[in-house]
Amino acid sequence: MAAYNLVCVSSLALYRRYRPETFAEVIGQEHVTDPLQQALRNNRVNHAYLFSGPRGCGKTTSARILARCLNCEQGPTPTPCGECQSCQDLARNGPGSIDVIEIDAASHGGVDDARELREKAFFGPASSRYKIYIIDEAHMVTSAGFNALLKVVEEPPEHLKFIFATTEPEKVIGTIRSRTHHYPFRLVPPGTLRDYLGEVCGREDIPVAEGVLPLVVRAGAGSVRDSMSVMDQLLAGATAEGVTYAMATSLLGYTDGSLLDSVVEAFATGDGAAAFEVVDRIIEGGNDPRRFVADLLERLRDLVILAAVPDAVEKGLIDAPADVLERMQAQASTFGAAELSRAADLVNDGLTEMRGANSPRLQLELICARVLLPAAYGDERSLLARLDRLERGVAFSGGGGAPAMGYVPGPEVHAGPAGAGAPVQPGGGPAAARAAVRGPGGQPAGPGGPGGAGEPQAPAPAQVPPPLRRLPHPWRRPPRPPRPPPPLPNPRPLRPARPPAPGRPPPRPVAGGGPAGGPPLPPRARSRAPPPRPPPSRSARSRPLRRLPR
């Protein structure tokens, strides 16, 4: 029997094996557990509660603990005794209580299920103080189901309590939400979660490498249940040496820290060969390029914070092992602020472009090329990055004859040749050139000056430089000649005017212009204007109608 119990316990999931049994064991939710414990001490317990928050942060567990506190024989109390029948039934591995009913609203959220719950709710508890309904995934209840529960939630019997747990509280109708006490749960901070996982690994008596817990916390993303599931997977595959860093990175799919260090150092020194070699190692090793870009963005984020906040480690802004922190501090010192910010922006934009890309390797190589070549872009970020490189003395990729960035000429470079009138002033520029030509005392050096033979000559007039002329771009197409205006359409030929009939008076002139004395109409209008009709005579108007023969 003991061996059977051992097998059952070992096969139980890690997050179920270490599920909290009291409010004191719940981590990272003090803003919820403290008010609930005080309400239990004051005996001011509401008839309905709404627990909301991300998955795996303790909503259902807190609902079970609250039910255990309410039905304890010494309760309502914030600390259950753990010895009475109700506490044993609601314990971590207990069989459950008949008076605490858990309903999964994802499969029982219809109006018929709500009516059945309403009919059973009025029956008293079998052996406990309260009859408690824990409705999980409450946002899956339909509107008709909530309306069916509205009356019993608004005015329940004295023995009835409701606890709704949901990840989307906005989908719970307002009439139900207004009749509950709403407690929002939050994600657990990384430091708290890392300490809790270390304590669990100590209880399991399995050694874990130093850099493994930050990876597990990152994979869990603040969810205790997800982090415990990842930790359970690593502990299940642990060898005699325990859980190693290489095992964790390969199993969780994260990029090895050495690859991140290599590519960051290549970005800092402008070494394109090293950067593209890292890309080839990632692809040949079967790693996901998107995961590598995400890990690189996380590393650049840590470097930006280290460059802006020197004591970021003491403040808890960065969670990493001690050796990794030392390498990151050295990397942050080799970058400029503008160059580091530009690299992070380019990697972030590249990660967005890689979603749905057909060739992730090509996108990754383009990201590296953009980071390594700030001189190829003329935007403000690239200019600031180039200034950072100039200040740090890092050479751009150029011709072999050009001096490296940060080169400071010595005094022998500025010294003029033997016999010259005056040395060139350090600093260069037009002023130094003019000083070298004039010589000492402001006189021009040479045969006509004080330094040469002959009489002094008048200074040559200043030559006006020719005006700048814009040269045609080699890739720009020459401008097209202007198009000639389209020809005007030929008007229709005018029909000759009909001569007036004999005996008819000429047409009277029209006030608005026209053919009878006004200004001439346009050609098209003149061609389409009907000829004027003479007014009918008086005899024609007074002539009677004549009936035609059939």
Side-chain angles (χ1 to χ4, degrees), residues 14 56 187-191 193-198 200-201 206-239 241-267 274-275 277-306 313 317-328 331-332 343-344 347-348 350-352 354-355 357 360-361 363-364 367-368 371:
L14 199 64
L187 294 174
V188 180
L193 189 54
R194 185 181 63 253
D195 297 340
Y196 179 72
L197 291 176
V200 170
C201 293
I206 297 178
V208 178
E210 184 179 2
V212 172
L213 293 182
L215 295 179
V216 176
V217 172
R218 182 181 173 187
S223 173
V224 182
R225 183 176 63 229
D226 294 355
S227 301
M228 293 287 282
S229 298
V230 173
M231 197 72 242
D232 193 9
Q233 182 180 3
L234 294 177
L235 294 179
T239 59
E241 300 177 357
V243 181
T244 61
Y245 180 79
M247 170 189 173
T249 53
S250 61
L251 188 60
L252 300 180
Y254 289 114
T255 308
D256 194 351
S258 60
L259 295 177
L260 294 177
D261 295 335
S262 301
V263 73
V264 168
E265 292 173 1
F267 287 166
E277 183 182 357
V278 172
V279 173
D280 185 71
R281 288 172 57 189
I282 291 168
I283 300 300
E284 294 298 330
N287 297 328
D288 187 9
R290 298 178 184 86
R291 169 63 70 178
F292 171 74
V293 175
D295 296 343
L296 179 59
L297 182 60
E298 185 77 15
R299 172 61 65 88
L300 292 175
R301 173 257 178 196
D302 294 340
L303 295 181
V304 168
I305 292 179
L306 280 176
V313 181
L317 300 178
I318 298 177
D319 184 17
D323 55 342
V324 178
L325 288 175
E326 293 178 1
R327 292 198 301 269
M328 286 195 299
Q331 293 167 2
V347 172
N348 185 28
L351 181 60
T352 305
M354 290 182 71
R355 296 173 182 173
R361 174 171 184 167
Q363 294 289 336
L364 179 56
I367 292 172
C368 295
V371 175

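It should be emphasised that the depicted structure is a prediction, and the values quoted were computed from it without experimental measurement.
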Can you confirm whether [X] sits close enough to [Y] that some side-chain heavy atom of one is under 4.5 Å from a side-chain heavy atom of the other?
| X | Y | value |
| --- | --- | --- |
| L197 | M228 | yes |
| N287 | T255 | no |
| Q233 | L251 | yes |
| F292 | V263 | yes |

What is the distance from atom [atom1] of [X] to atom [atom2] of [Y], rounded to the nearest 0.5 Å?
| X | Y | atom1 | atom2 | answer |
| --- | --- | --- | --- | --- |
| D256 | S262 | CG | OG | 9.0 Å |
| T244 | E210 | OG1 | CD | 14.0 Å |
| L303 | I318 | CG | CD1 | 8.0 Å |
| I282 | E277 | CD1 | CD | 11.0 Å |
| L187 | S223 | CG | OG | 7.5 Å |
| R327 | R299 | CZ | CZ | 6.5 Å |

Would you check if the side chain of S227 reaches a backbone N or O of V224 as a donor-acceptor pair within less than 3.5 Å?
-> no
For R290 and M354, indicate whether the former's side chain and the latter's backbone hold a donor-acceptor pair under 3.5 Å.
-> yes
side-chain contact (heavy atoms from CB on, under 4.5 Å) between M231 and V208: does it pass, once the steps are laid out?
-> CA-CA 10 Å; M231 197 72 242; V208 178; 4.2 Å; yes
What pair of heavy atoms forms the shortest contact from [X] to [Y], and how long is it?
| X | Y | result |
| --- | --- | --- |
| G242 | I206 | CA-CG2, 4.4 Å |
| C201 | L235 | SG-CD2, 4.5 Å |
| F267 | A275 | CE2-CB, 4.3 Å |
| A248 | L234 | CA-CD2, 4.2 Å |
| I367 | G350 | CD1-CA, 3.5 Å |

Only one of D295, D226, D302 passes salt bridge (Lys or Arg N to Asp or Glu O under 4.0 Å) with R218; say which it is.
-> D295
For the side chain to side chain contact (heavy atoms under 4.5 Å, CB included) test, which of V279, V278, L296 pairs with L364?
-> V279
